[in-house]
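Let me begin by presenting the structure, written as structure tokens, before commenting on it.
Just so it is clear, the model here is predicted, and its values are computed rather than measured. What you see below is based on every heavy atom in this structure, not just the backbone, and it leaves out hydrogens, waters and symmetry mates. Proteins get letters first, then strands, A, B, ... in listed order; numbering begins at 1 in each.
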Protein chains: 2
Amino acid sequence: MQPDDTMDMTRAVPERRKIELGLLENFVGMLLRAAYNEAFEDFARLLGSDTLKPGFFTVLTLVALNPGITQVEIGREARRDKSSVTKALRQMEDEGLIRRVRLEDDRRSYASYLTHEGAKLHRRMEIKAREHIAHLDAVIGVERKRVLVETLNDLIADLPPSAEESAGGTRAS
Amino acid sequence: MQPDDTMDMTRAVPERRKIELGLLENFVGMLLRAAYNEAFEDFARLLGSDTLKPGFFTVLTLVALNPGITQVEIGREARRDKSSVTKALRQMEDEGLIRRVRLEDDRRSYASYLTHEGAKLHRRMEIKAREHIAHLDAVIGVERKRVLVETLNDLIADLPPSAEESAGGTRAS
DNA sequence: GTGAAATGGTTTCTCAACAAACTAATTTTG
DNA sequence: CAAAATTAGTTTGTTGAGAAACCATTTCAC
């Protein structure tokens, strides 16, 4: 058996058996999941433990840039199930980061706005988000990032059977 | 407000407010997660309801191509936590798809092999996997797929702080 | 040669996310 | 105009996945 040079060799380890991957070698779904995990972890490390989770950044950003946004709109743009959005918005409301106001002309729905506290936190998170983006750019470069973003958007838009927007999303795992 | 032409317009809907995304527009982590969901769903649809879940395909393939593979090796290559691998292997064992044999020279560990039943199921799943791959290729093309695979591999390998292999993996969501 | 550390695998618990069902409100249909 | 259908958001339950702790075994350090 030959040593597997792609493995971490920071500490002497006995040679590992080479594992055949077959069509898993370039199995995009598996790679997408693994890459997502790494990206998520990188952002979470930068955020540290004293702020909200990376997923909240998405919601905070949507509310920050779109005062009065509704839960349905947040769910659609973040590609999260509405029940997940309910929980996130409730938690942020409890922590004084946003406030929600019933719409006058549609009492089923309400509008969300950032509070002063929420705006402060959002700015801090955004700084970390830009650091995270810089990490990604350093690893793959601007040109490959451009292709990556374009390719992922096409997968998202055209892979579904009727290419409908899957606003509700699916289980990540 | 202008109608958002990127939205599904198969049924007349009132015009939607344009939502500002800011740096979420090209936020790679979000796109990776969404693309993964779509890829997962596409594969799951092809598999239908009478077979195992897409995640089992990974394990079955590793066992099929590497008779005698250990759980640690499976976890590493599939980038799954060992507790998740335990559960998957147990379920496959219970369904008669694999058999596990304690190693003579290391009684902590054991080797997994596909049964005849498991080989049959794996072949059926592999046919579906190739259909799934054909879907992806049709959407993004071979050249962009090559770049996608290369880019994702670099993110997986080089985004971690010490670029160690995160065999344990992280939470997909 | 012995105790400590590491490893392989298991078990239990927590968490995030969605599915499904629900309530209240609005829109559609006849 | 009233009933049916749809929508916005909430609640409850399920599931997948990993974190942490555990046990048994092997390897390492002295």
Side-chain angles (χ1 to χ4, degrees), chain A residues 11-14 16-17 30 33-34 36-38 40-41 44 49 52-56 58-59 68-76 78-91 93-94 98 100-112 166-173, chain B residues 11-14 16-17 30 33-34 36-38 40-41 44 49 52-56 58-59 68-76 78-91 93-94 98 100-112 166-173:
Chain A
R11 152 176 164 267
V13 292
R16 284 171 169 172
R17 176 156 76 110
M30 232 178 96
R33 177 183 170 280
Y36 168 71
N37 281 349
E38 296 306 336
F40 181 95
E41 283 289 302
S49 57
L52 295 174
K53 302 181 285 292
F56 283 6
T58 305
V59 176
I69 195 170
T70 66
Q71 182 170 317
V72 156
E73 291 171 325
I74 292 172
R76 190 178 68 235
R79 295 189 182 87
R80 294 283 188 174
D81 191 79
K82 55 189 179 178
S83 55
S84 303
V85 181
T86 296
K87 191 180 179 191
L89 290 175
R90 281 291 188 76
Q91 198 170 329
E93 196 173 29
D94 288 347
I98 65 167
R100 300 200 284 171
V101 185
R102 280 287 182 192
L103 288 182
E104 288 281 330
D105 59 348
D106 187 344
R107 295 208 307 266
R108 293 173 298 177
S109 182
Y110 30 30
S112 292
S166 48
T170 54
R171 182 175 297 160
S173 54
Chain B
R11 151 178 163 269
V13 293
R16 284 173 171 172
R17 176 154 77 111
M30 232 179 97
R33 177 183 171 280
Y36 169 71
N37 282 349
E38 296 307 335
F40 180 94
E41 284 289 302
S49 57
L52 294 175
K53 301 180 285 294
F56 283 5
T58 304
V59 176
I69 194 171
T70 67
Q71 183 170 317
V72 155
E73 290 171 326
I74 292 172
R76 190 178 68 236
R79 294 188 183 85
R80 293 284 187 174
D81 192 80
K82 54 188 178 179
S83 55
S84 302
V85 182
T86 297
K87 192 179 179 193
L89 290 176
R90 283 290 187 77
Q91 198 170 329
E93 195 172 29
D94 289 346
I98 64 166
R100 300 199 284 171
V101 185
R102 280 286 182 191
L103 287 182
E104 288 280 334
D105 57 349
D106 187 344
R107 292 207 310 262
R108 294 172 298 177
S109 180
Y110 30 29
S112 292
S166 50
T170 54
R171 183 175 295 160
S173 55

Close N/O contacts between protein and nucleotides 22-26 of chain C (under 3.5 Å):
unit_1: dT26(C); atom_1: OP1; unit_2: R107(A); atom_2: N; d: 3.2
unit_1: dT26(C); atom_1: O4'; unit_2: R108(A); atom_2: NE; d: 3.3

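- In this entry the distance linking CD of Q91(B) with C1' of dT10(C) reads 16 Å, nearest Å.
- Within the structure, every side-chain polar atom (N or O) of R80(A) is placed at least 4.0 Å from both OP1 and OP2 of dA19(C).
- Rounding to whole angstrom units, CD1 of residue I69(A) and P of dG9(D) are separated by 11 Å.
- Side-chain nitrogen and oxygen atoms of Q71(B) include at least one within less than 4.0 Å of the OP1 or OP2 phosphate oxygen of dT10(C).
- In this structure, S109(A) reaches the sugar-phosphate backbone alone: every heavy-atom distance under 4.0 Å involves primed, P, OP1 or OP2 atoms, never a base.
- By the 4.5 Å heavy-atom criterion applied to side chains, R33(B) and R80(A) are counted as neighbours.
- Using a distance-only test at 3.5 Å, with no hydrogens or angles considered, no donor-acceptor pair links the side chain of Q71(A) to the main chain of Y110(A).
- Shortest non-hydrogen contact noted between R17(B) and I69(A) is NH2-CA, 2.9 Å.
- Close to dG18(D), at under 4.0 Å from its OP1 or OP2, lies a side-chain N or O of S84(B).
- At the phosphate of dG8(C), neither OP1 nor OP2 sits under 4.0 Å from any side-chain N or O atom of R76(B).
- Residues satisfying the side-chain hydrogen bond (donor to acceptor under 3.5 Å, both in side chains) criterion with T70(B), sequence neighbours excluded, are E73(B).
- Partners of S83(A) under the side-chain hydrogen bond (donor to acceptor under 3.5 Å, both in side chains) rule, at least two apart in sequence or in another chain, are D81(A).
- Of the candidates dT11(D), dG16(D), dG9(D), the closest approach to any side-chain atom of K87(B) belongs to dG16(D).
- For R100(A), the salt bridge (charged side-chain N to carboxylate O under 4.0 Å, His left out) partners are E93(A), not counting sequence neighbours.
- Considering only residues two or more places apart in sequence or on other chains, R108(B) meets the side-chain hydrogen bond (donor to acceptor under 3.5 Å, both in side chains) condition with D106(B).
- Residue S83(B) places no side-chain atom within donor-acceptor reach of the base of dA17(D), judged by atom type and a 3.5 Å distance cut-off alone.
- In this entry the distance linking CD of E41(B) with P of dG16(D) reads 13 Å, nearest Å.
- Remark: S84(A) pairs with no residue by the side-chain hydrogen bond (donor to acceptor under 3.5 Å, both in side chains) rule, at least two apart or across chains.
- For the OP1/OP2 pair of dT10(C) and a distance below 4.0 Å, the side-chain nitrogens and oxygens of T86(B) include at least one atom meeting the criterion.
- When the side-chain nitrogen and oxygen atoms of R79(A) are compared with OP1 and OP2 of dC18(C), none of them lie within a distance under 4.0 Å.
- Taking atom CG of L103(A) as the reference point, atom P of dT27(C) lies 12 Å away to the nearest angstrom.
- The nearest whole Å value for the distance from the CG atom in L89(B) to the C1' atom in dT11(C) is 15 Å.
- Put simply, CD on E73(B) is 14 Å from C1' on dG9(C), counting in whole angstrom units.
- Distances were taken from every side-chain heavy atom of D81(A) (C-beta onward) to each of dT10(D), dC18(C), dT11(C); the shortest belongs to dC18(C).
- The side chain of Y110(B) places an N or O atom within less than 4.0 Å of a non-bridging phosphate oxygen (OP1 or OP2) of dT10(C).
- Taking atom OH on Y36(A) and atom P on dA17(D), their separation rounds to 13 Å, with Å as the unit.
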